[in-house]
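Worksheet: the structure to be examined is printed underneath.
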Amino acid sequence: QVQLVESGGGLVQAGGSLRLSCAASGRTFSSYGAGWFRQAPGKEREFVAAISWAGGTIIYADSVKGRFTISRDVAKNTVYLQMNSLKPEDTAVYYCAGDRHGSATRTESEYEYWGQGTQVTVSS
């Protein structure tokens with residue numbers, strides 16, 4: 001079992017930055033692929049970014065490409081999402097997810113483990 005805990009959310013003005021962290025406990029997370037998803041009020045959860053177990057594959061949603069960066073620190077068992085140039089439409093609950101097969105995927109159903117989410121609010 002893997003437990004994922006997100007942190008780093010908060011309230012920021014448009015154009016600002018936040019860094020989300022996803023700390024994994026339980027089994028070592030280094031062999032897992034990791035993804036970030038988000039869900040805005042009244043909308044379905046959507047893919048944001050993903051990184052493969054070795055970091056060799058990284059993918060982004062078109063809406064965040066060039067503004068967000070996903071990375072991982074194997075020693076700390078932590079995955080990060082650096083969010084720059086934030087927009088009001090980035091407001092959502094952000095979730096971290098883990099894929100035990102190690103891949104970077106946009107497909108929500110391929111992730112077995114999920115965190116509880118962290119709120120990001122961007123004011124205009």
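Positions are given from 1, in the same order as the sequence printed here. Because only heavy atoms are used, hydrogens play no part in the values below, and waters and symmetry mates are left out as well, while side chains stay in.
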**Request:** To the nearest 0.5 angstrom, please state how far the CD atom of E46 sits from the CD atom of Q39.
**Result:** 9.5 Å
**For the student: nearest non-hydrogen atoms of A14 and P88, plus distance** = CB-CD, 4.1 Å
**Message:** Contact between D99 and W53 at the side-chain level, heavy atoms closer than 4.5 Å - yes or no?
**Reply:** no
**Message:** Please report the interatomic distance OG(S52) to NE2(H101), rounded to the nearest 0.5 Å.
**Reply:** 14.5 Å
**Message:** Looking at every heavy atom in both N84 and S17, which two are closest together, and how far apart are they?
**Reply:** OD1-OG, 2.9 Å
**Euclidean distance, S103 OG relative to Y111 OH, rounded to 0.5 Å** = 6.5 Å
**Prompt:** Which atoms form the tightest heavy-atom contact between S85 and R67, and what is the distance?
**Reply:** O-NH1, 2.9 Å
**Message:** Just verifying a value: how many Å separate E112 CD and Q1 CD, rounded to the nearest 0.5 Å?
**Reply:** 10.5 Å
**Asked** Passes salt bridge (Lys or Arg N to Asp or Glu O under 4.0 Å), K87 versus D90? Steps please.
**Response** CA-CA 5 Å; K87 305 175 182 180; D90 294 319; over 6 Å; no
**Asked** Any sub-3.5 Å donor-acceptor pair from E6's side-chain atoms to C96's backbone N or O?
**Response** yes
**Prompt:** Rounded to the nearest 0.5 Å, how far apart are OG of S30 and CZ of R72?
**Reply:** 7.0 Å
**Prompt:** Any donor-acceptor pair under 3.5 Å linking the side chain of R106 with the backbone of F47?
**Reply:** no
**Complete:** d(Q116 CD, Q3 CD) to nearest 0.5 Å is 11.5 Å
**Prompt:** What residues join F29 in its hydrophobic cluster, counting side-chain heavy atom gaps under 4.5 Å, either direct or through other members?
**Reply:** V2, L4, V12, L18, L20, Y32, W36, V48, I51, I58, Y60, V64, F68, I70, V79, L81, M83, L86, Y94, Y113, V120, V122
